[in-house]
S.K.: 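Here you go, one structure.
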Amino acid sequence: MATVDDQRFSDEVYRSDREHVLHSWSVQSRLKPMVVNEARGIYFWDSGGKRYLDLASQLVNSNIGHQHPKVVQAIKDQADKLCYIAPSIATETRSALAKLLSTVTPPRINHFFFTNGGADANENAIKIARLATGRQKIISRYRSYHGSTYGAITLTGDPRRPPVEPGIPGVIKVYDPYCYRCTFGQEYGSCRIECAKHVEETILYENPKTVAAILIESITGSNGVFIPPREYLVMLREICDTYHILLIADEVMSGFGRTGEWFAINAFGVEPDIMTMAKGINSGYVPLGAVGISDAIATAIADQYLYCGLTYSGHPLACAAAIATIEAYQEEELIANARAMGGVTRGSMEDLKRKHPCVGDVRNQGLFGCIELVKDRASREPIVPWNGSGEVMAAVERTLLAEGVFMYLRWNYMFFAPPIIINEAQLNEAFRAIDRALTVADGYLQRAAS
Ligand code: PLP
C-alpha cells in the first residue's frame, strides 16, 4: 500500500513530468502518464503500489526482465573500472562483446559496429551497404518500422513516416508478407508467394545494378507481428544472390530470444549479409545497438573510410550490460524457455480465438505474438480502422490495466511480448486477463449488432 509520503512524492513526479518532460509519440496536452519507480522480473509497480505484469517487455526490449542482478552488477563493476572511453579506442568490454556476439549471430556475421540503439543501427547498415556495393537504392517495406531518426523513418513504411517527409533519397517501398490480409488477394498454400515475386519485379523496374540492399524485419514487429512463409525469406535470399544485392535483417525487435531462436531469421534457414540489433542485446539496461556484417562485407569495406559513429557508440557500460545479458540468456537457457512458452502461448491464443468472436487472427513465434481484433470474422473488417483508434480498444486497455496487465495496443492489434523469463503459471495469469478484456470487446460488437 502506498503511504501518504509515497503519494506526495508521486504527485510531485507527475507534476514535474507534465511541466517539463516532452514524451515520445504522443500529443503532449492529452498525456496522463503512469508513474513507475519500481520494477522486478516480469512485473512493475505504479506509484499507488499496484502491480502490473509487463506483457510488452516495455518497448519489447526488457527480454530478461527488470533488474536482473547479474546485469545490474556488471554495470556497477564496469562503472567502478571505466565509465567511458572513445569508440576509436580498443577496450576490454567492447572487444569481448563483439567476440561473444559472433558466437550467437549467424555464422557469416562476425564483425560489429556498435550504435546507441536500433534507428542508428539501421542508418549505419544502409551506409555500409552503399559503401560495400557502390549502389544507392534501398528496398524496404510499407508495413515496417525501422526507427525514428530521419534515415530510419524513411526506411519505415508505416504511418509514422509521412509526417516527417521528405526523408532521405533512394528508398523504394514494396508490399509485405501479411498472409491474413494478403495485398495480392491470395491465400497461403495456393499463392506462389506473390509477395516475394513482387519484390523481384520492383527491383527489375528499378534496375538491379542501382539497388544496394533489401531491408526487412525478419518477423515484422510493431505493424502487427507478420510471420512470413518460409519460402518468402528463401526467395528474397535468392533474389539478392541473383542480383548481387545485400540482405539486411532488422532484428532490433525480433532478436535475442524473442521468437525462441537467437534471431528470428534463424528459423527460416536464411543468412543475412547485414543484421541490425538493439533492444534485447542488453535488455534495455543501457542504450546499445549494433550492426553485424558478414566477412565478405568486412573485406569489401576494409580499405574505405567508414563515415559512421557517435560519441557514445559502443559505450562501455552498455557493452558490459550486453555481455552479462547474453551470458544470462545462455546460463538460464532463456531461448529454450521462449520456445517452450511460445508453445503454451500458441495453445492459449487458439483457445481465445475459439471463444471470442472479436478475435480475427492470432499469430505467434515464440514469445512474439499478436491478437488481431475484427468487427466480423467473415469480412475481416478491423474492429477499429487501420491507423485509427476507438472506444472499444480503449475499453480493452482499461480492462487489462484494471486486471494488472500492461500490454502494447495499436490500432486493432494486441501485441504479446512478455519478458522471455516468463513461466507457464505467469502466462496463464496473463491469458486470464486477456480473456476478460476480449469479453469486453465482444460486448461492444454485440451491442453494435443489436
Ligand atoms: N527496428 C525495429 C524493428 C524496431 O522495432 C525499432 C523500435 O521499436 C527500431 C528499429 C528502432 O530502435 P530504437 O528505438 O532503439 O532506435
Side-chain angles (χ1 to χ4, degrees), residues 22-34 55-56 59-60 140-148 152-165 167 173-185 217 219-227 253 349 352-353 356-363 368-402 405-417 434 436-450:
L22 298 174
H23 286 249
S24 48
W25 303 116
S26 33
V27 178
Q28 305 304 313
S29 59
R30 287 194 219 138
L31 257 178
K32 290 190 181 139
M34 190 190 273
L55 271 191
L59 293 177
V60 199
S140 68
R141 298 189 305 211
Y142 280 110
R143 290 187 173 93
S144 69
Y145 181 70
H146 297 290
S148 81
I153 202 81
T154 310
L155 299 165
T156 294
D158 82 17
R160 286 171 277 196
R161 170 179 51 89
V164 264
E165 282 183 329
K173 290 286 174 338
V174 291
Y175 294 109
D176 321 74
Y178 182 8
C179 294
Y180 183 60
R181 298 181 189 283
C182 177
T183 310
F184 305 92
E217 294 174 74
I219 289 182
T220 298
S222 60
N223 277 267
V225 186
F226 309 139
I227 301 154
M253 193 176 263
M349 282 190 168
L352 292 176
K353 186 174 169 187
H356 295 283
C358 67
V359 175
D361 193 32
V362 291
R363 36 190 187 261
F368 203 21
C370 180
I371 301 170
E372 183 160 348
L373 304 192
V374 291
K375 274 190 182 150
D376 172 52
R377 275 196 186 160
S379 71
R380 300 188 181 181
E381 184 185 349
I383 203 162
V384 295
W386 177 79
N387 197 20
S389 56
E391 176 49 28
V392 57
M393 293 308 283
V396 167
E397 185 169 34
R398 279 196 303 276
T399 310
L400 289 167
L401 291 173
V405 165
F406 180 79
M407 222 173 164
Y408 174 48
L409 308 184
R410 184 169 190 238
W411 309 333
N412 64 325
Y413 300 136
M414 300 172 74
F415 291 90
F416 189 86
I434 296 173
R436 285 192 273 271
L438 292 174
T439 302
V440 171
D442 286 338
Y444 269 76
L445 295 185
Q446 275 161 11
R447 280 193 294 281
S450 60

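In this chain, numbering begins with 1 at the start of the sequence shown.
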S.K.: So, do Val362 and Cys370 sit near enough that their side-chain heavy atoms are less than 4.5 Å apart?
M.R.: no
S.K.: Can you give me the closest heavy-atom contact between Pro382 and Asn412, atom names plus distance?
M.R.: CB-ND2, 3.5 Å
S.K.: Output the distance between atom CZ (Arg30) and atom NE2 (His23), rounded to the nearest 0.5 Å.
M.R.: 15.0 Å
S.K.: What pairs of donor and acceptor atoms, side-chain ones from residues 386-395 against any protein atom, are under 3.5 angstrom apart with sequence neighbours left out?
M.R.:
{"from": "Glu391", "atom 1": "OE2", "to": "Arg398", "atom 2": "NH2", "distance (Å)": "2.7"}
{"from": "Glu391", "atom 1": "OE2", "to": "Tyr444", "atom 2": "OH", "distance (Å)": "3.2"}

S.K.: Evaluate Ile219 against Phe226 for side chain to side chain contact (heavy atoms under 4.5 Å, CB included), listing each step before the verdict.
M.R.: CA-CA 6 Å; Ile219 289 182; Phe226 309 139; 5.9 Å; no
S.K.: Sequence neighbours excluded, which residues qualify as salt bridge (charged side-chain N to carboxylate O under 4.0 Å, His left out) partners of Glu372?
M.R.: Arg181, Arg363
S.K.: Considering only heavy atoms from C-beta outward, does the side chain of Leu438 approach that of Cys358 to under 4.5 Å?
M.R.: yes
S.K.: Between Tyr142 and Asp176, is there a side-chain heavy-atom distance shorter than 4.5 Å?
M.R.: yes
S.K.: Side-chain contact, heavy-atom cut-off 4.5 Å: Val374 with Asp361?
M.R.: no
S.K.: Has Ser26 got a side-chain atom pairing as donor or acceptor with Ser24's backbone, closer than 3.5 angstrom?
M.R.: yes
S.K.: For Ser222 versus Glu217, what's the shortest heavy-atom pair and its separation?
M.R.: N-OE1, 4.4 Å
S.K.: Measure across Met253 and Leu59 and return the closest heavy-atom pair with its distance rounded to 0.1 Å.
M.R.: CE-O, 4.5 Å
S.K.: Excluding sequence neighbours, so at least two apart, what forms side-chain hydrogen bond (donor to acceptor under 3.5 Å, both in side chains) with Tyr413?
M.R.: Tyr178
S.K.: Would you give the length of the straight line joining atom OG of Ser140 to atom NZ of Lys173, rounded to the nearest 0.5 angstrom?
M.R.: 4.0 Å
S.K.: Taking atom OH as the centre, does Tyr175 end up with more than 12 heavy-atom neighbours from other residues, nucleotides or ligands that are less than 6.0 angstrom away?
M.R.: no
S.K.: Kindly indicate whether the side chain of Asn223, heavy atoms from C-beta on, has any atom under 4.5 Å from the side chain of Trp411.
M.R.: yes
S.K.: Got Thr220 and Arg141 here, is their nearest side-chain heavy-atom distance under 4.5 Å?
M.R.: yes
S.K.: In the structure I gave you, are the side-chain heavy atoms of Thr399 and Val405 within less than 4.5 Å of one another anywhere?
M.R.: no
S.K.: What orientation do Tyr408 and Phe415 show, parallel under 30°, tilted 30 to 60°, or perpendicular over 60°?
M.R.: parallel
S.K.: Check salt bridge (charged side-chain N to carboxylate O under 4.0 Å, His left out) between Arg377 and all other residues, then give those that pass, not counting sequence neighbours.
M.R.: none
S.K.: Let's go through Arg143 and Thr156 carefully: what are the C-alpha distance in whole Å and the side-chain angles of both, what is the deciding distance for side-chain hydrogen bond (donor to acceptor under 3.5 Å, both in side chains) to 0.1 Å, and is it a yes or a no?
M.R.: CA-CA 8 Å; Arg143 290 187 173 93; Thr156 294; over 6 Å; no
S.K.: Evaluate the side-chain proximity of Phe416 to Met349: yes if any heavy-atom separation is below 4.5 Å, no if none is.
M.R.: yes
S.K.: Give the intermediate values and the outcome of side chain to side chain contact (heavy atoms under 4.5 Å, CB included) for residues Met414 and Leu55.
M.R.: CA-CA 10 Å; Met414 300 172 74; Leu55 271 191; over 6 Å; no
S.K.: Could you tell me the separation between the CD1 atom of Ile434 and the CD1 atom of Ile371, rounded to the nearest 0.5 Å?
M.R.: 4.5 Å
S.K.: List in chain and number order the residues that pass side-chain hydrogen bond (donor to acceptor under 3.5 Å, both in side chains) with Glu381, two or more places apart in sequence or in another chain; answer none if no residue qualifies.
M.R.: Lys375
S.K.: Going by the rule salt bridge (charged side-chain N to carboxylate O under 4.0 Å, His left out), which residues pair with Lys353 if we only count those two or more places apart in sequence or in a different chain?
M.R.: none
S.K.: Measuring from Thr439:OG1 to Arg436:CZ, what's the distance to the nearest 0.5 Å?
M.R.: 8.5 Å
S.K.: Go through the steps to decide whether Tyr145 and Arg161 satisfy the test side chain to side chain contact (heavy atoms under 4.5 Å, CB included), and finish with yes or no.
M.R.: CA-CA 9 Å; Tyr145 181 70; Arg161 170 179 51 89; over 6 Å; no
S.K.: Whether the side chain of Arg380 engages the backbone of Tyr180 through a donor-acceptor N/O pair (distance < 3.5 Å, no angle test) should be reported.
M.R.: yes
